[in-house]
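For reference, the structure is listed below as structure tokens.
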Amino acid sequence: MFPNLCSIVCVAERQKIRKESSRMNVINITAENKKPKEIIRLAAYCRVSSDSADQLHSFAAQIRYYKDYERKHPQYKLVDIYADEGLTGTCMDKRDELHRLIKDCKKDKIDRIIVKSVSRFARNTQELLTTLRMLKEFGVSVYFEEQDIDTDKLNMEMIVTFPGMAAQQESESISGNMRWSYKKRMESGEFNCCAPAYGFNLIDGQLEVNETEAAVIRRIFSMYLNGMGKQRIATTLNRDGIPRRYGCEKWYGFTIHYILNNERYMGDALLQKSYTTETLPFRKVKNHGAKTQYYVENANPAIVSRETYKAAQELQKARHTPSCKRQTAYPLTGMLRCPDCGRSFRRLLTAGTAYWVCSGKTSGATDCISRRVREDAVYDAFLIMLEKLKDYRKPLLGTLIHDIEVMQSRTSENYGRIAEIDKTIADLAAQNLIITRLHTSGVLNASDYAAKSSEINNKISALRTERRKKLSEDEEDEQLDKLKELYEIIEEYEPADEPDGEILSQTVESITVNSNAEITFKLIGGVELTEKIDEKGRCHSA
């Protein structure tokens, strides 16, 4: 019998393959053959959701806990402890230390992150998953201690989603309860405010007059009623070195406008001028009638008399002329630019409607594409752009400013000192906890406790001031200065129904007319934002 032909062919093929394989050098580079790291670079992330003393003491305890964790787990080397104090977990853009942690992961300085719980990392499920995916791409795993969740395991996203959703629902529930509480207190007239206006201090829930600042408020009303304009008043206060509040350095014309129109200064209160949205991410928006407002007479001590306040209102009405109706020095003069020839636009009146067109095109000097935009459409687009920028100033401008500051601190010698300051602050907070316990147990009397606690708190305050100074020492960069100025202006801006030529000139460097239906605002600091309009002047988001 003859051998099976198929068997002979198969044997021949296998011999041929073995001969060819002997001439090839094959190296297996699968993940299984990678040499595991002997030491895992560990980072710990802590967050405290309140700025109360007890929470800050807990913050110091967390730092000690993770250092002890490193000692108990020799396979880990603790790179750093990233700790955000007194911040909410519902939005990640507010947390400087979390951003620093992510940047270090991107630079391959960290292999693994340990966090107490999912809720300490984030309460917004979408941002949580986005961050975890990004860290996974960097080759960084995250371990959540309370839930015993390790992102190195399979089906990580499904596992993390459930506790993340629960934490998100918890945040929304807490926020809803707070809104309900505020509403009831507003209805009864018991609600005062959360952040006192310039000229007041908030003490035990009640507004009290700050006499030093109140003198400035009275001076502002006096200067205005004596004929001085708002911008001139601001310039005078800046020249005289009059300090402001909350870290703001300059006075602006619109700041003076806000003061002259704040009913608090005559003793009344209009409640719910703005409100917080009900879904994550929570945003504070201007109340244009979506929520009920409450007017409370004699809600707080007055700084100026009702007669003085009302006189300022009447004078403003007498002086008021909308920017878009001025016959000379239009705010848009020199602002609008042609993307083809680079020339500025000029103003034309057609059947009573103001339009802006390329000066080169209309004079025949250039052969640009014909572009024409209505003046009121440009103003509408500007107002909408400002309102959106105010709503999203933290994720846009705040993040950009933070990134530039971080880059500067990385390239300077300040970074090491900042780390030392962070550690010292944590140690001082721990000392505060110890003396608090000694006082509670009766070992330390009240006077000694107050003196020691005050001494520690003063040191912490000085260290935080030094930390801010170290982070801002490289602020000679013009872009960073302009971005901070823009952020300050936008933060104080109150959405209006009419354009303000002053804020236009302070925030906008130029406006490019891309087409009859689209314009781009170039703001100070290099920020560019685009809005779409139609020929009838209505504006909508780009």
Side-chain angles (χ1 to χ4, degrees), residues 39-51 55-71 73 76-124 127-128 130-146 149-151 160 167 394 398-399 401-403 405-410 414-430 460 463-464 467-468 470-471:
I39 297 296
I40 299 173
R41 297 168 298 175
L42 180 71
Y45 177 72
C46 316
R47 184 179 60 79
V48 180
S49 58
S50 169
D51 62 353
Q55 291 286 355
L56 288 179
H57 294 152
S58 175
F59 162 70
Q62 287 184 61
I63 292 180
R64 293 195 301 272
Y65 168 78
Y66 287 119
K67 289 185 176 180
D68 186 56
Y69 187 92
E70 177 191 26
R71 288 192 293 269
H73 298 79
Y76 291 132
K77 178 183 178 182
L78 189 62
V79 175
D80 202 351
I81 297 174
Y82 301 76
D84 281 311
E85 293 183 26
L87 297 169
T88 175
T90 57
C91 189
M92 289 189 174
D93 61 87
K94 299 178 181 179
R95 291 187 273 166
D96 294 341
E97 287 294 276
L98 181 60
H99 284 291
R100 184 168 73 90
L101 170 62
I102 292 172
K103 285 183 177 295
D104 284 352
C105 291
K106 188 175 182 180
K107 294 178 179 179
D108 193 28
K109 295 182 177 182
I110 296 165
D111 302 315
R112 187 169 176 80
I113 299 170
I114 183 171
V115 189
K116 183 179 180 181
S117 68
V118 173
S119 64
R120 290 298 176 189
F121 197 68
R123 292 189 176 181
N124 182 325
E127 289 184 341
L128 169 66
T130 299
T131 305
L132 291 179
R133 289 192 194 103
M134 178 171 56
L135 291 172
K136 197 172 185 68
E137 290 177 2
F138 297 156
V140 178
S141 63
V142 183
Y143 177 63
F144 300 101
E145 291 185 281
E146 285 189 3
I149 296 174
D150 190 339
T151 61
V160 170
K394 291 182 179 178
T399 301
I401 290 170
H402 171 266
D403 289 345
E405 287 181 331
V406 169
M407 284 191 294
Q408 289 181 336
S409 66
R410 289 285 183 188
N414 291 338
Y415 178 67
R417 175 56 184 157
I418 290 171
E420 291 177 6
I421 291 173
D422 291 340
K423 181 179 181 303
T424 306
I425 289 175
D427 292 341
L428 288 170
I460 291 176
L463 285 168
R464 284 178 173 160
R467 189 182 194 279
R468 287 194 296 270
K470 291 293 182 184
L471 285 173

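Worth knowing before you read on, the calculation uses all heavy atoms, side chains too, and leaves out hydrogens, waters and symmetry mates. These figures come from a predicted structure and were not determined experimentally.
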Tell me which one of Leu98, Ile113, Asp104 satisfies side-chain contact (heavy atoms from CB on, under 4.5 Å) with Tyr82. Asp104
Step by step, would you call Tyr69 with Glu145 a side-chain hydrogen bond (donor to acceptor under 3.5 Å, both in side chains)? CA-CA 12 Å; Tyr69 187 92; Glu145 291 185 281; 5.3 Å; no
Any idea which heavy atoms bring Ile110 and Ala43 closest together, and the distance? CD1-CB, 3.7 Å
With distance as the sole test, does Thr151 use its side chain to make a donor-acceptor pair with the main-chain N or O of Val142 at under 3.5 Å? yes
Does Leu42 reach the side chain of Glu70, with side-chain heavy atoms less than 4.5 Å apart? no
Give, for atom NZ of Lys77 and atom CD1 of Ile39, the distance between the pair rounded to the nearest 0.5 Å. 8.5 Å
Salt-bridged, Arg100 to Glu97, with N to O below 4.0 Å? yes
Hey, what do you get for CD (Glu137) to CG (Leu135), rounding to the nearest 0.5 Å? 9.5 Å
Give a yes or no on whether the backbone of Arg41 and the side-chain of Asp111 come within a donor-acceptor separation of less than 3.5 Å. yes
If you round to the nearest 0.5 Å, how far is CD of Glu420 from CD1 of Ile425? 12.0 Å
About how many Å separate NE2 of His99 and OG1 of Thr399, when rounded to the nearest 0.5 Å? 5.0 Å
Looking at side-chain heavy atoms only, is the closest gap between Tyr66 and Cys46 below 4.5 Å? yes
dist Asp68:CG -> His73:NE2 (nearest 0.5 Å) comes out at 9.5 Å
Separation between NZ of Lys103 and NZ of Lys109, rounded to the nearest 0.5 Å: 11.5 Å
